[in-house]
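Structure first, then comments.
Owing to the predicted nature of the structure, the values given are computational and were not obtained by experimental measurement. Numbers restart at 1 for each chain; the letters A, B, ... are given by sequence-line order, proteins then strands.
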Amino acid sequence: MKNLSTKEYLDTFNKGAFQVSLINWFKSSQRTLPWRADKDPYKIWVSEIMLQQTQVDTVIPYFNNFIEQFPTPIALAEAEEQDVLKAWEGLGYYSRARNLQAAVREVKESYHGKVPEDKDQLSALKGIGPYTLGAIMSIAFEQAEPAVDGNVMRVLARILNINEDIAKPRTRKLFELIVREIIASHDPSSFNQGLMELGALVCRPKNPKCDHCPVQEYCQANTLAIQGMLPVKTKAKKQKKLSYYTFVIENNKGELLVEKRPDNGLLASLWQFPMIETKGVDMNMIPAFIEATFHTNVLTIKQLAPVRHVFSHLIWQMDVYAIKVDQLPQIAANQLMLISNQLSDYPFPVPHQRIINMLV
DNA sequence: AAGTCGGGGCT
DNA sequence: AGCCCAGACTT
């Protein structure tokens with residue numbers, strides 16, 4: 001049972017009946033979500049970007065605030081990048097925000113601020129990949145395009161007993177071919193959203209609620225009682241651990257030293273307290289290091305609670321020190337001295353937000 | 001194809 | 001502790 005063709009997977013599949021059951025279930029059981037209030041393609045777009053690798057309950061407050069601040073593509077195009085990142089603060093994958101703003105600037109310049117309905121024009125916009133393209137085309141524009149995300153692959157892997165590795169890029173293409181065969185051309189929006197909603201509410205990764213599934217009778221995994229075996233997915237590698245000394249440096253005016261991260265790479269363009277890798281640096285060298293770097297005198301040094309933060313592919317272990325100095329004559333171009341109540345004007349990643357919370 | 005890019009929720 | 005999540009981009 002490996003590497004079947006699209007047609008073979010669908011050999012005994014009752015497409016029409018499946019569509020009716022799925023769409024009827026979606027229309028009666030869908031959650032009320034803010035991006036479902038209307039069919040504004042911009043709002044659909046923003047929601048789909050935010051929902052990448054991010055749970056619905058996490059996105060809701062960010063989406064509401066974002067649309068209030070940036071209600072149209074033009075408004076977002078004309079905003080300051082730091083304000084956009086501040087609205088994205090804590091949501092993660094910050095290049096999504098950067099790419100989204102670059103894309104609406106393209107929409108403003110090339111399409112008079114109107115989200116294009118053309119598939120190729122939409123696909124060319126930054127941050128719109130295969131999934132998001134299909135989601136916008138089907139949900140906002142009623143076009144029969146596949147929108148294959150993790151939910152769809154899990155649901156269809158179980159229904160059609162597909163045991164190919166969903167971590168492989170080419171497996172997503174197989175699912176796109178299958179969806180092209182079975183999508184309901186009269187209501188592609190409800191069909192695609194129905195697959196995803198089913199994955200989120202019923203056909204969950206663990207403990208799927210098969211007894212309440214509207215398409216149970218079409219599901220091979222249910223018939224064979226192998227729901228727990230599907231989908232097949234190879235394991236991710238373990239995260240690399242990185243240890244840092246992190247410095248909350250306060251001068252004699254009560255100002256704190258913060259710095260802006262580079263505009264590419266991890267947590268690009270966000271702000272942080274200065275950090276250095278602990279590797280090979282003894283904690284006893286910290287005062288001398290601070291004094292040599294900033295040409296200042298260390299008055300007091302106090303260790304705060306350590307902060308541990310897990311990313312997808314690495315782990316930060318931060319030893320945090322609050323350091324009082326008399327003054328800071330030398331700071332770099334990417335650094336600022338701020339009083340504590342100014343910190344909320346700048347976007348900080350979560351591990352540094354935790355430090356800010358320890359200061360009050 | 002593999003690596004990079006966040007953060008939270010669930011078990 | 002590990003896995004999951006309405007993935008896209010870079011190399």
Side-chain angles (χ1 to χ4, degrees), chain A residues 26 30-31 33 35-36 43-63 85 88-100 102-103 123-140 146-155 165-173 175-176 179 189 192-201 203-208 228 231-241 261-262 264-270 272 307-316 347-354:
Chain A
F26 175 70
Q30 65 173 302
R31 292 166 289 184
L33 299 172
W35 47 88
R36 289 177 176 164
K43 293 183 195 171
I44 305 288
W45 180 10
V46 170
S47 76
E48 293 299 343
I49 300 298
M50 287 188 170
L51 286 161
Q52 290 169 10
Q53 304 288 210
T54 310
Q55 308 230 92
V56 165
D57 289 340
T58 302
V59 167
I60 290 174
Y62 283 94
F63 175 84
L85 287 173
W88 212 270
E89 180 187 55
L91 198 52
Y93 287 129
Y94 298 94
S95 66
R96 294 184 296 176
R98 179 191 304 271
N99 288 337
L100 177 59
S123 180
L125 296 172
K126 278 190 176 156
I128 297 186
Y131 163 75
T132 305
L133 174 66
I136 297 173
M137 290 296 291
S138 61
I139 299 171
V148 175
D149 71 338
N151 284 314
V152 172
M153 288 196 283
R154 182 175 60 258
V155 168
D165 183 2
I166 66 169
K168 301 282 188 196
R170 73 165 282 113
T171 302
R172 195 207 72 240
K173 297 182 180 178
F175 281 102
E176 285 176 351
V179 171
S189 171
N192 280 345
Q193 291 190 82
L195 283 179
M196 293 188 277
E197 196 82 343
L198 190 66
L201 300 181
C203 195
R204 304 175 301 188
K206 294 182 179 175
N207 305 319
V232 173
K233 186 177 185 181
T234 53
K235 299 185 193 334
K237 298 197 314 184
K238 275 214 295 191
Q239 301 101 324
K240 184 188 303 181
K241 287 184 180 174
R261 294 178 60 88
N264 56 47
L266 184 67
L267 304 170
S269 299
L270 273 68
Q272 67 178 15
V307 172
R308 183 174 185 275
H309 190 76
V310 179
F311 297 88
S312 309
H313 58 301
L314 51 90
I315 299 175
W316 277 5
F348 286 83
V350 163
H352 289 269
Q353 289 177 35
R354 294 217 180 91

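Residue A:Gln53 has its side chain nearest to B:dG6 when only C:dA6, B:dG6, B:dC5 are considered. Distances from the side chain of A:Pro349 to the nucleotides C:dA6, C:dG2, B:dG7 place B:dG7 closest. Counting only heavy atoms from C-beta on, A:Gln52 has its side chain closest to C:dG7 among B:dG6, C:dC5, C:dG7.
Counting heavy atoms from C-beta on, the side chains of A:Ile49 and A:Asn99 never come closer than 4.5 Å. The shortest distance between side-chain heavy atoms of A:Lys126 and A:Arg98 does not fall below 4.5 Å.
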With the criterion being N/O to N/O and under 3.5 Å, what pairs connect the protein with nucleotides 1-3 of chain B, and how long is each?
unit_1: B:dG3; atom_1: OP1; unit_2: A:Lys237; atom_2: NZ; d: 3.3

For nucleotides 8-11 of chain B, which of its nitrogen or oxygen atoms have a protein nitrogen or oxygen under 3.5 Å away, and what is each distance?
unit_1: B:dG9; atom_1: O4'; unit_2: A:Gln55; atom_2: NE2; d: 3.3

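Of all the residues in residues 125-133 of chain A, A:Lys126, A:Gly127, A:Ile128, A:Gly129, A:Pro130, A:Tyr131, A:Thr132 reach under 4.0 Å from DNA chain C with at least one non-hydrogen atom. Residues from residues 91-100 of chain A placing a heavy atom under 4.0 Å of any atom in DNA chain B, listed by number, are A:Leu91, A:Gly92, A:Tyr93, A:Tyr94.
Classified by interplanar angle (parallel below 30°, tilted 30° to 60°, perpendicular above 60°), the ring pair A:Phe348/A:His352 is tilted.
Residues passing the side-chain contact (heavy atoms from CB on, under 4.5 Å) test with A:Gln55 are A:Thr58, sequence neighbours excluded. Listed by chain and residue number, A:Phe63 satisfy the ring pair (Phe, Tyr, Trp, His ring centres under 6.0 Å) test with A:Trp35 (two or more places apart in sequence, or in another chain). For A:Arg308, the salt bridge (Lys or Arg N to Asp or Glu O under 4.0 Å) criterion is met by no residue, not counting sequence neighbours. A:Arg261 pairs by the salt bridge (Lys or Arg N to Asp or Glu O under 4.0 Å) definition with nothing, not counting sequence neighbours. Residues that satisfy the salt bridge (Lys or Arg N to Asp or Glu O under 4.0 Å) test with A:Arg170, not counting sequence neighbours, are absent from this structure. Residues satisfying the side-chain contact (heavy atoms from CB on, under 4.5 Å) criterion with A:Ala97, sequence neighbours excluded, are A:Val84, A:Leu85, A:Trp88. With sequence neighbours excluded, the residues satisfying side-chain contact (heavy atoms from CB on, under 4.5 Å) with A:Gln53 are A:Tyr93.
Sorted by first and then second residue, the pairs that involve residues 43-61 of chain A and meet salt bridge (charged side-chain N to carboxylate O under 4.0 Å, His left out), not counting sequence neighbours, are A:Asp38-A:Lys43.
A donor-acceptor pair under 3.5 Å is formed between the side chain of A:Thr54 and the backbone N or O of A:Gln52.
Using a 4.0 Å cut-off, no side-chain N or O of A:His313 falls inside it from OP1 or OP2 of B:dT4.
Taking the P atom of each, B:dC5 and C:dA6 are spaced 23 Å apart, rounded to whole Å.
The minimum heavy-atom distance between A:Val155 and A:Cys203, with the atom names listed, is CG2-CB, 3.8 Å.
Following rounding to the nearest Å, A:Ile315 (CD1) and C:dC3 (P) show an atom-to-atom distance of 13 Å.
Contact annotation for A:Val152: no contact, since no heavy-atom pair falls under 4.0 Å across all strands. Among the atoms of the strands shown, none is found under 4.0 Å from any heavy atom of A:Gly199. Residue A:Pro231 is classed as having no contact, given no heavy-atom separation below 4.0 Å to the nucleic acid. Using a 4.0 Å heavy-atom distance criterion, A:Arg261 is classed as making no nucleic acid contact.
Taking the ring centroids of A:His313 and A:Phe311, they lie at or beyond the 6.0 Å cut-off.
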